[in-house]
Q: 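This structure is in structure tokens; I'll ask about it shortly.
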Amino acid sequence: MLKDMFKKTYTVIDSHRAARKAASEEPSIPQGLWRKCNKCGQPIYVEDVKNNYYVCPKCGGYFRVHAYRRIEMLIDEGTFEEWDKEMEFSNPLDFPGYEKKVQATREKTKLNEAVVTGKGAIYGYEAAVGVCDARFIMSSMGHVVGEKITRMVERATEEKLPVIIFACSGGARMQEGIVSLMQMAKTSAALKRHHEAGQLFISVFTDPTTGGVTASFAMLGDIILAEPNALIGFAGPRVIQQTIGQKLPEGFQRAEFLLDHGFVDKIVPRSEQKQVIADILRMHQKPSQEDVKKALNEALAGGAPAEAAVSEKAADGKQDGASEDGGRKRSRRKEKDKEAGEKSAWDTVQLSRNAARPVATDYINAIFDDFMEFHGDRYFKDDGAIVGGIATFHGIPVTVIGQQKGKTTKENLKRNFGMPSPDGYRKALRLMKQAEAFGRPVICFVDTPGAFCGLEAEERGQGEAIARNLFEMAALTVPVVSLVIGEGGSGGALAMAVSNEVWMMENAIYSILSPEGFASILWKDSKKAPEAARVMKITAADLYQLGMIEQIIPEDEPATVETMPEIAGAISEKLADFLNVYGKMSGQELEQQRYERFRRM
């Protein structure tokens, strides 16, 4: 029996030795090398997460990023200069235990406060940068946070730097009460001065951005970006749910929800943020007059250089007329039309509505570089019937806006068949005013059967939205040109065409109402639409003769995606001439020319 007991003991010892030997032959995993994703629960390799911009490689969930780590990801190495790193703390309300809480947080995070500010370069473009850090009392905004942000904005204004703030916050700091509340006004006032000085502010929403931060500086960006699925709102979802006693819908208050509802320009994955922000900064660099002149001459693609002098007719608001070359082409086409049976106004209506006709984005992508679409009206919604954003034309920053139809049934439903709601017109006007603030020319592409006339459009003020566009566009201090590419339907089209010049594609139409509607109202018979089209004078040739438009863009063949390269070349040449002429005018001269153009009508 004793012998059996010793035998068992040696067997256990041998098994332990074998286990130790096997363990010594396997790679040693240091403590902390693996973590559990707090979103999907899967084990993840820490190094993989770091290399993936702190995004879970399993589920794509975003982890919160420490301020200095985000600066490393965004700012060119060796260029960051921190501002106001150490600031004196005070307890304005003598709140019990507040000093100890702040001191403990400082020791734990190695941060002085919940925001890091400074300046640095992003692919060579210098900017002032503020980054909130959620580890510091949930990045709530106390008086030190408000002061650091305000000082950063003031210094950026003085040094003529753009401002970029990565917002992340639980809101106001409760321990500071009314003093915290006042930081909302203080930071907003500083940003107003920054804006009035013509400087750019890019706001980036990260998870979470709530409360007083959302209701102040974070929502005031000239351009607002967001990380995917970031929680963004004024009141937190728990507070809302408790207040209204209802379950909130899926995705409520997430970045995608705000994009759909018009409050975010663009959702940008973390891996793309540095490039996207650098592109925005680049397109907000104001080129010199010499660079503009060189670019415009090159845009003529070997043609005669754009004339330096503003023509007398353009200066006093009268039409310049179509080019001689364009006139010859139209004469040749008219001869062909006569041989094959002359094209009627109704034929032109049919061509303008053809499903194969290029839409606004086809023109934008063919004519401009670097197009970056921005979304939303900042009030209620992002209307798919209007697309717009910033781009470059031979290196010159411009704002482009288009009324967008779809090419399939699904796309047309998304775009509402090119019929904008009030939100679309407000989005267009927001982008125009943004262009004015930064001195960018505005190019509009008009293509709509008319403004949407649904119940919700009336509820949200369709008439007011159109009227506001007419009112504000009349006084824009940057060059504006509008090109009717398909249908130009009524006030819905005019709201995008209060311009220094209006051009039309040869097979486009521009009218007070559809021919069908005109015939129904005047003759009580919509079948008389072909006759209505003739008497309404709605073709490009008719409107040129009436002095309603300045240019006709020839279509040797009806415009399609296949013929787009030739058409884009013709438009680019005319656009270069336009920018050369109107780019030399002062804001007051542009406004006066636009006023006189419509005054004589």
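Everything quoted here is computed from the prediction, not taken from an experiment.
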Q: Quick one, L522 and K528 - any side-chain contact, counting heavy atoms below 4.5 Å?
A: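 Sidechains of K528 and L522: no contact.
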
Q: Could you check if a side-chain atom of P358 sits within less than 4.5 angstrom of a side-chain atom of I485, using non-hydrogen atoms only?
A: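 The answer is no, as the side chains (C-beta and beyond) never meet within the 4.5 Å cut-off.
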
Q: Are any side-chain N or O atoms of Q403 and backbone N or O atoms of G492, one a donor and one an acceptor, separated by less than 3.5 Å?
A: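 The answer is yes, because a donor-acceptor pair under 3.5 Å joins these two groups.
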
Q: Is the Lys NZ or Arg CZ of R254 less than 6.0 Å from the centre of F257's six-membered ring, within 45° of the axis?
A: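 Judged by the rule (NZ or CZ under 6.0 Å from the ring centre, within 45° of its axis), R254 is not positioned above F257.
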
Q: Residues two or more places apart in sequence or in another chain: which of them pass side-chain contact (heavy atoms from CB on, under 4.5 Å) with F234?
A: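 Partners of F234 by the side-chain contact (heavy atoms from CB on, under 4.5 Å) criterion, ordered by chain and then number, come out as A215.
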
Q: Taking 4.0 angstrom as the limit, do R430 and E472 come out as a salt bridge?
A: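 Salt bridge between R430 and E472, a charged N being under 4.0 Å from a carboxylate O: no.
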
Q: Any luck finding a side-chain donor-acceptor pair between E411 and Q404 under 3.5 Å?
A: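 No, no side-chain donor-acceptor contact under 3.5 Å.
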
Q: So do N507 and R357 actually touch side chain to side chain, heavy atoms under 4.5 Å?
A: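 The answer is yes; the side chains approach within 4.5 Å.
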
Q: When you look at S526 and E516, which way does the side chain to side chain donor-acceptor pair (under 3.5 Å) test go after all the steps?
A: CA-CA 5 Å; S526 62; E516 294 89 342; over 6 Å; no

Q: For the residue pair T348 and E506, what are the closest heavy atoms and their distance?
A: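 The pair with the smallest heavy-atom distance is CG2-O, 4.4 Å.
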
Q: Can you confirm whether Q285 is buried at CD, in the sense that more than 12 heavy atoms of other residues, nucleotides or ligands lie under 6.0 Å from that atom?
A: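 Counting other residues, nucleotides and ligands, CD of Q285 exceeds 12 neighbours.
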
Q: Looking only at atom types and distance, does a side-chain atom of E436 sit under 3.5 Å from a main-chain N or O of V478, one as donor and one as acceptor?
A: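 No, because the side chain of E436 does not come within donor-acceptor range (under 3.5 Å) of the backbone of V478.
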
Q: Among E550, Q593, R597, whose side chain to side chain donor-acceptor pair (under 3.5 Å) with N500 holds?
A: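 With N500 as partner, side chain to side chain donor-acceptor pair (under 3.5 Å) holds for just one option, Q593.
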
Q: Do M548 and K537 have side-chain heavy atoms sitting under 4.5 Å apart?
A: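 No - every pair of side-chain heavy atoms lies 4.5 Å or more apart.
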
Q: Using modelled atom types and a 3.5 Å cut-off, is there a donor and acceptor pairing between side-chain atoms of D222 and backbone atoms of F201?
A: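 Yes, D222 side chain to F201 backbone: donor-acceptor pair under 3.5 Å.
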
Q: Considering the options D382, D265, D377, which one meets the salt bridge (Lys or Arg N to Asp or Glu O under 4.0 Å) requirement together with K427?
A: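 Of the listed residues D382, D265, D377, the salt bridge (Lys or Arg N to Asp or Glu O under 4.0 Å) partner of K427 is D382.
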
Q: Counting heavy atoms not belonging to F598, are there more than 12 under 6.0 Å from its CZ?
A: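 Atom CZ in F598 is packed in, count exceeds 12.
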
Q: Does some side-chain heavy atom of F380 sit less than 4.5 Å from a side-chain heavy atom of R426?
A: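 The answer is no; the side chains never approach within 4.5 Å.
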
Q: Side-chain contact test, heavy atoms from C-beta onward, threshold under 4.5 Å: evaluate it for P162 versus H284 and give yes or no.
A: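 SC-SC contact between P162 and H284 ruled out.
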
Q: Assess whether atom OH of Y595 is packed by more than 12 heavy atoms of other residues, nucleotides or ligands within 6.0 Å.
A: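 Atom OH in Y595 is not crowded, with 12 or fewer foreign heavy atoms closer than 6.0 Å.
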
Q: Could you go step by step and tell me if K405 and E487 meet the side chain to side chain contact (heavy atoms under 4.5 Å, CB included) rule?
A: CA-CA 10 Å; K405 293 179 178 179; E487 292 182 275; 2.7 Å; yes

Q: If only side-chain N and O atoms count, and only distance matters, is there a donor-acceptor pair under 3.5 Å linking E227 with T206?
A: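 No, E227 and T206 have no side-chain donor paired with an acceptor closer than 3.5 Å.
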
Q: Which atoms form the tightest heavy-atom contact between A391 and V400, and what is the distance?
A: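 Here A391 and V400 meet closest at CB-CG2, 4.3 Å.
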
Q: Which residues satisfy the side-chain contact (heavy atoms from CB on, under 4.5 Å) test with L259, sequence neighbours excluded?
A: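 Applying side-chain contact (heavy atoms from CB on, under 4.5 Å) to L259 gives V264, I267, H375.
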
Q: Under the rule for side chain to side chain donor-acceptor pair (under 3.5 Å), what residues qualify as partners of K186, not counting sequence neighbours?
A: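 Here the qualifying residues are E147, Q183.
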
